[in-house]
Every structure is written in C-alpha cells, then in structure tokens.
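Step one of this worksheet: look at the structure below.
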Amino acid sequence: MTKKYYIDYPQERITEGVNNYQCKFCKVSSLEINGLLENHDKNCAYRQERERISV
C-alpha cells in the first residue's frame, strides 16, 4: 500500500523573508510534516478532520 500525501493543510510562514512554513493549526514545520498526516501533532485540527473523513 502506498502512503497518501496531504499538502492541502493551511500553512503560515515561520520566519519573514525565509521560505519556511508550518501548519497553521499545530505549528509543526512543513519540512517535518513532509506531506504525511501522521507527522502532524496528534491534537492538530487538520489531522483530526482528515482522519475522521478517511474512516
């Protein structure tokens, strides 16, 4: 089974002038998330909604 990548989560810039973003909800860096739902914080509203929808 191939992993599904999620890149449609709301993002915000971490540092002005630097191309580095984080999830708007859980504040985990997009580089850490790397498109994987399980890399969002367990309490992240985006992650919880996606898990609810995919069941």
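Because the structure is predicted, anything quoted here is derived from the model rather than measured.
In plain terms, the two heavy atoms of Arg47 and Asp41 that are nearest each other are CD-O, 3.4 Å. Scanning all heavy atoms of the two residues, the minimum distance from Ile14 to Gln22 falls at CG1-OE1, 3.5 Å. Contact record, Cys44 with His40: SG-ND1, 3.7 Å, taken as the closest heavy-atom pair. Of all heavy-atom pairs spanning Ile7 and Gly35, the tightest one is CG2-CA, 4.3 Å.
Under a hydrophobic-cluster definition in which Ile, Leu, Val, Met, Phe, Trp and Tyr are linked whenever side-chain heavy atoms come within less than 4.5 Å, directly or via other members, Tyr9 and Tyr21 are assigned to different clusters.
Two rings, from Tyr46 and Phe25, have their centers 6.0 Å or more apart.
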Between Cys23 and Ile33, is a side-chain contact (heavy atoms from CB on, under 4.5 Å) present by the stated rule, with each step listed? CA-CA 8 Å; Cys23 173; Ile33 292 171; 3.9 Å; yes

Apply side-chain contact (heavy atoms from CB on, under 4.5 Å) to the pair Thr15 and Asn20, showing each step before the final yes or no. CA-CA 7 Å; Thr15 308; Asn20 195 5; 5.6 Å; no

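Gln11 CD to Lys24 NZ: the interatomic distance, rounded to the nearest 0.5 Å, is 11.5 Å. Taking OG of Ser30 as the start and CD of Glu12 as the end, the distance is 9.5 Å to the nearest 0.5 Å.
Within 6.0 Å of NZ in Lys27 there are more than 12 heavy atoms belonging to other residues, nucleotides or ligands.
Applying the 4.5 Å side-chain rule to ILVMFWY residues, one finds that Val18 remains a lone member of its cluster.
For Leu36, the side-chain contact (heavy atoms from CB on, under 4.5 Å) partners are Lys3, Tyr5, Glu38, Asn39, not counting sequence neighbours.
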